[in-house]
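Encoded as structure tokens, the structure appears first; notes follow it.
Computed from a prediction, not measured in an experiment: that's the story for all the values here. Residue numbers start at 1 and run along the sequence shown.
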Amino acid sequence: MKLSVRKATIDDAKQIAKIHVETWQDAYKRLIPSEYLDSLSIEKKTEKWREMLSDPKSKTIYLVGCIGKNVLGWSSLTQSRDKDSSDDVGELGGIYVHPSAQKKGLGSMLMSRGLLSLKKLGYKRATLWVLTANLETRNYYESKGWRVEGKTKTEPRNGFKLHETRYAIEL
């Protein structure tokens with residue numbers, strides 16, 4: 001079982017979308033209304049991912065994590081999108097590993113490669129947002145050196161709200 005990380009290409013869009021949808025449906029089943037999770041569409045997400053991966057103006061780095069030749073995880077990295085952030089802060093915008101491939105080291109590999117990429121771009125610190133109620137994921141981030149920063153936000157969605165907590169790590 002060989003783990004690897006590489007830059008995502010437009011050819012990865014469908015698999016990234018599948019990971020995105022199926023991971024949300026698995027990880028958030030007790031945290032987000034099932035009607036919303038059931039409405040997520042791999043086809044719609046694939047189109048969105050094709051757009052993002054083919055945008056020549058994008059400054060976001062998209063990585064995929066593979067076991068053998070199978071793409072089973074992804075991450076996105078960019079300059080922090082938070083209004084209170086300085087130019088030397090990057091952001092781990094998303095990191096997901098398909099439920100069938102979790103706890104094999106792929107997420108850790110995606111994270112370390114992503115943070116190294118941000119550091120190489122000159123960022124001194126990185127942040128990420130996590131669902132406040134997602135204790136398992138929060139514990140995972142804390143085990144990797146991320147610390148609660150004290151900022152929270154609420155994002156309205158279709159009939160519910162996502163309550164999130166910001167984490168930070170020094171690069």
Side-chain angles (χ1 to χ4, degrees), residues 1-55 58 60-78 81-82 91-115 126-144 146 148 151-167:
M1 170 178 78
K2 182 178 182 251
L3 304 180
S4 62
V5 173
R6 63 172 170 77
K7 266 188 116 168
T9 69
I10 194 161
D11 293 336
D12 297 316
K14 185 170 185 170
Q15 187 59 21
I16 292 171
K18 178 179 169 53
I19 295 163
H20 200 165
V21 168
E22 292 178 1
T23 303
W24 266 63
Q25 289 171 334
D26 180 69
Y28 301 146
K29 61 186 160 210
R30 290 176 203 85
L31 306 173
I32 292 176
S34 58
E35 300 79 29
Y36 179 80
L37 294 174
D38 293 343
S39 75
L40 296 176
S41 160
I42 293 172
E43 292 74 26
K44 287 180 185 172
K45 283 275 187 218
T46 298
E47 286 310 309
K48 185 171 175 129
W49 275 103
R50 280 194 181 115
E51 287 173 28
M52 291 188 301
L53 292 168
S54 63
D55 180 357
S58 176
T60 301
I61 299 166
Y62 298 105
L63 300 174
V64 291
C66 304
I67 297 179
K69 293 186 179 201
N70 298 317
V71 172
L72 290 164
W74 64 268
S75 63
S76 64
L77 305 116
T78 191
R81 299 169 286 179
D82 298 327
E91 181 177 342
L92 177 58
I95 183 168
Y96 292 92
V97 174
H98 193 272
S100 67
Q102 291 175 2
K103 303 194 184 325
K104 296 181 187 238
L106 195 57
S108 297
M109 187 179 271
L110 278 163
M111 185 181 299
S112 61
R113 265 290 293 283
L115 295 178
T127 59
L128 63 78
W129 289 95
V130 63
L131 286 180
T132 304
N134 193 346
L135 299 180
E136 184 178 351
T137 299
R138 291 179 68 175
N139 289 336
Y140 171 77
Y141 289 134
E142 290 170 17
S143 78
K144 298 295 182 188
W146 293 84
V148 173
K151 300 280 184 181
T152 60
K153 69 179 179 180
T154 301
E155 250 188 71
R157 290 285 170 109
N158 302 349
F160 67 97
K161 296 177 181 174
L162 294 176
H163 301 280
E164 297 174 284
T165 300
R166 188 165 74 185
Y167 277 72

*Residue pair Thr60 / Ser76: nearest heavy atoms and the distance that separates them*: CG2-CB, 4.0 Å
Is there a donor-acceptor contact under 3.5 Å from the side chain of [X] to the main chain of [Y]?
X      : Y      : answer
Thr23  : His20  : no
Glu164 : Trp129 : no
Asp26  : Glu22  : no

*Just checking, is any N or O donor in the side chain of Ser58 or Asp55 under 3.5 Å from an acceptor N or O on the other one?*
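Per modelled atom types, Ser58 and Asp55 side chains form no pair under 3.5 Å.
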*Please assess Tyr140 against Met111 for the test side-chain contact (heavy atoms from CB on, under 4.5 Å), listing each intermediate value before the final yes or no.*
CA-CA 11 Å; Tyr140 171 77; Met111 185 181 299; 3.6 Å; yes
_If the threshold is 4.0 Å, N to carboxylate O, is there a salt bridge linking Glu47 and Arg50?_
yes
*Taking only Lys NZ, Arg NE, NH1 and NH2, and the carboxylate oxygens of Asp or Glu, determine whether Arg157 and Glu155 approach each other closer than 4.0 Å.*
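Looking at Glu155 together with Arg157, the answer is yes, because their closest N to O distance falls below 4.0 Å.
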*Listed by chain and number, what are the salt bridge (charged side-chain N to carboxylate O under 4.0 Å, His left out) partners of Lys151, not counting sequence neighbours?*
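By the salt bridge (charged side-chain N to carboxylate O under 4.0 Å, His left out) rule, Lys151 matches Asp84.
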_Could you walk me through whether Ile16 and Leu53 satisfy the side-chain contact (heavy atoms from CB on, under 4.5 Å) test, starting with their C-alpha distance in whole Å, then the side-chain angles of each, then the deciding distance to 0.1 Å, before giving a yes or no?_
CA-CA 11 Å; Ile16 292 171; Leu53 292 168; 4.1 Å; yes
*asked:* Does the plane of the ring in Tyr36 sit parallel, tilted or perpendicular to the ring in Trp24? Use 30° and 60° as the thresholds.
replied: tilted
*Fit a plane to each ring of Tyr96 and Trp74, take the angle between them on a 0 to 90° scale, and name the class: parallel (under 30°), tilted (30 to 60°) or perpendicular (over 60°).*
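Tilted.
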*Mind checking what makes side chain to side chain contact (heavy atoms under 4.5 Å, CB included) contact with Thr165, not counting sequence neighbours?*
Thr132, Arg138, Val148, Thr152, Tyr167
_Greater than 12 external heavy atoms within 6.0 Å of Arg30's CZ_ =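 Counting neighbours around CZ of Arg30, 12 or fewer heavy atoms of other residues, nucleotides or ligands fall under 6.0 Å, so no.
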